[in-house]
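Throughout, a chain's letter reflects where its sequence line sits, starting with A, and its residues are numbered from 1. The figures here come from the full heavy-atom set of this structure, side chains too, leaving out hydrogens, waters and symmetry mates.
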Amino acid sequence: MAASTTVRTILLSPRGGLSAIVLAIVIICALFAPLIAPYAYDIQSLRNANLDPSWKNWMGTDEFGRDLLSRIIYGARTSLSVAITAISISVAAGMTLGAMAAYFGGTFDRIVTAAVDLTWSFPEILIALILIAIMGPGLNSTMIAISIAYLAQFTRLTRAQIMALKNETYIEATRNLGAGHTHIIFRHLLPNALTPVIVAGMLATGDAIILEATLGFFGLGAQPPTPSWGAMMSSGTAQIFIAPWIIIFPGLAIAITVIAINLFGDAVIEALDIRNRLRDS
Amino acid sequence: MALLTVSNLSVSIGRLKPLDGISFEIGKGEIVGVVGESGSGKSLTAMSVMGLLPLIGGKISAGTISFDGIALTGLAEPAYRALRGRRIALISQNPMTSLDPIIRIGAQIDQVSMLHLGLAESAAKARSIELMQQLRIPDAATIYDNYPHQLSGGMKQRIVIAMALAADPDLIIADEPTTALDVTIQAQIIQIMVELVRDRCLSLMLITHDMGVVAQACDRVVVLYAGRVAESNSIDAIFAEPRHPYTRELIRCIPRHGQIPGSLTGIPGAVPSVLDYPSGCRFHPRCAQAFELCSHNVPVLEQKGSGLAACHLSEVVHA
Amino acid sequence: MLNFLLKRLVLLIPVFLVVSIIIFMIIHLVPGDPIDSIVQIGSTPEQKAELTAKYGLDKPLVIQYVIWFGKMMTGDLGEAIILRQPVSSLIAQNLPHSLILGTLALVFSTIVGIATGAIAAICKDSWIDRTVMGLILLGSTVPSFWLGLLMILLFAVQLGWFPVSGARSWSALVLPVLTIGLGGVALVARVTRVAMMDISRRDFVMMLHAKGVPAWRINLQHILRHAMLPVVTILSLRIGWILGGAVTIEYVFARPGLGSLLITSLNQRDYPVVQGCLLMLAIAVMLGTLLGDVVQAAMDPRVRERTS
């Protein structure tokens, strides 16, 4: 299907269109936070602590009097940048490993498969915690931890795709017609294997946002004063009786973003009709 | 009165109409063969009689089916369910997949007699083992505890036959019971089935694409082509004097003793797809004797000699 | 059956070794002197050297690992820096809480998930099906700790039905179990629904209809039983997920347990405890997966005969 028709199908479907709008809003918030946010995220004013949502502060203020809406807008930056970077690294590394393992086979393949199977049954959060134990808390550690936690998934998926394609008759035919290895890998194997992995990456970004927020909630993510949705909720638990919105709004932001990502990913899967190719993961 | 009467039955699936005005009868204790190539609507006929069309998204759009005086068309589901397995039993064509893989063989046969005859577990078990022995399953008591995947195709089909016989039905519908089996076993299974049916004076609707099987086992034959009845008659009559060109072709294709190796022939052309049925007589594109009228007028199934045939030709067509 | 179990256990050994090596290496991979990760900082260089020798940190890594492994097998996991208790007793105090939470959550997920998925499958394409699956989608995409906080907000703070935190009573278990469980329900329900719809199209189901078996019995006694197989498969693959959920939720609800112990000690840089907790959690994941495999084999005779 031509790229432009696919894009149009996705955007015109109710799921695809709605989620695309939501995601656009989130991305704009992340990119243009300083321009959009009504206040700076770190202006403290203990006089104004724990205020209810009002016309001055649409989402109220937190325990230090900081405007919650602004912090949430800036928080989009943290969440999105960590998640997108981490998953991009993971996808790139996973595709390389998976493709190499599938194409070269042998001992290398066996080692890679064993490593993937090992990590497979462990929840991502556990892997991330082990890595943070080693690297210490912080934005960068979170990013690296998340990318490693999802590495197994993309390696496995890519490997499965390439293995399936390797044996397709048309590859044989192409080889028989005299095509070289590079030509086969880049013009036939990778482009076909690319799509499901990219889409899986898209969906994993949603999970990664939740993982980043969870780590932030534990206090292991981006350190203050950098606003992060997870950390905001964590400090908000102390105010749960007097200012519940400190917990509600950041969580809502996460939920809406992740739901939008999932719906968008679903729309893409349907438009491209690759549901069965993703079944492995 | 015939045990089963199918009268002008038409079946539709969505916008398609794979069965178009089928009529035939099966009498008590009769073995009737329903013959045709794949795509002629034989299995759909079986599903219609069993009332299982909704499972495949189909429905009866015209005509009636009556069984022992009971009108099956329009019968309420609970009443229909009481008949299925109890008075009308089905043997389907996929022995490999007809049995539940995670339940033991014996239990699956017991299920029928417990459900329909109200037998207790031990009585059902005894009955099942007896049936298995009648079907010449060696070491029935051990096989009783086996799982389906431990049996061969032929054995599995015998189990399915046992399930069909368990509640003492009046009519058995066997939908291509041997197609999925090894050639060497096919004759065995047919023979056992026919023996048991005759012993119990049951009626059998034997659906097959193999005229040779029909010759071996049946009293009467109904020949289907592309959703319509081409011809129906008693076995001897139809082989002696086939009245429809299609029947003649089917008979010609039966491999014969002493036939020169490599001289097996088929019928030229292919069964038309339900999406694109020819006009008039649906067989006319493949018929050597087709003439002008055949592509315009649908032939009516009418008395020709001792049986019924739907063909515009008036003389007997010899084999 | 026993054969199967033994074979599986043997396969787990290399996994356990690799995991234990990784966990062992934590204190050596953390920047700084390994000794600082084990005892409180603020010792003079001489004291450090003494302690390094005392804890055997000057020996070659491999030897250290072997010693550590040996100690671990006998239950000696070192001493916590902050609380100065043996790590093993800290774990012993906290483990039961996590086990109860995890098990109840698993049971909840399974039962509610199967029931929900079955209802959706049986009423497929109706408004019931769509509503149920829509709710499921929502439930699975919200972060679990937010869900937990919302639960506390609604049921504990506003309605006052349950305690806000802690583990002082049985009612304190309800909200945490519900939170973890609802996440699992989504997964189980989805798998059950798809499986049941797939299975109902199979030949043997048609045969059951032909035998005159009533639809409700076909659904419950046959189709559901078959659907259990993919459900158990997915649960045994994802059992680690329940543990991950437990870790988070224990922290949210301030319940004692391996999870909150782990997070607290991570924040405090109490590495011996961190190592102990991670080890226990890893073992739990492996045993859970093994249990899932065994249940699968018990349910499907064909699995028993597969050698891999």
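Contact annotation for V213(C): both backbone and side-chain heavy atoms come within less than 4.5 Å of a heavy atom of chain B. There is no contact between M96(B) and chain C, counting heavy-atom distances below 4.5 Å. Contacts of R217(C) with chain B are made by side-chain atoms alone, with heavy-atom separations under 4.5 Å and no backbone atom involved.
Looking at heavy atoms from C-beta onward, Q221(C) lies out of side-chain contact with I103(B) at the 4.5 angstrom threshold. In this structure, the side chains of H222(C) and I102(B) stay at 4.5 Å or more apart for every pair of heavy atoms.
Note that OG1 of T97(B) is 9.0 Å distant from CE of M206(C), once rounded to the nearest 0.5 Å. Here the straight-line distance linking atom OG of S92(B) with atom CE of M207(C) works out to 4.5 Å at 0.5 Å rounding. To the nearest 0.5 Å, atom CG of residue L99(B) and atom CG of residue D203(C) are 10.5 Å apart.
Scanning both residues, Q108(B) and K211(C), for their nearest heavy atoms gives O-NZ, 2.9 Å. For the pair G212(C) and L115(B), the tightest heavy-atom approach, listed with the atom from each and the gap, is O-CD2, 3.5 Å.
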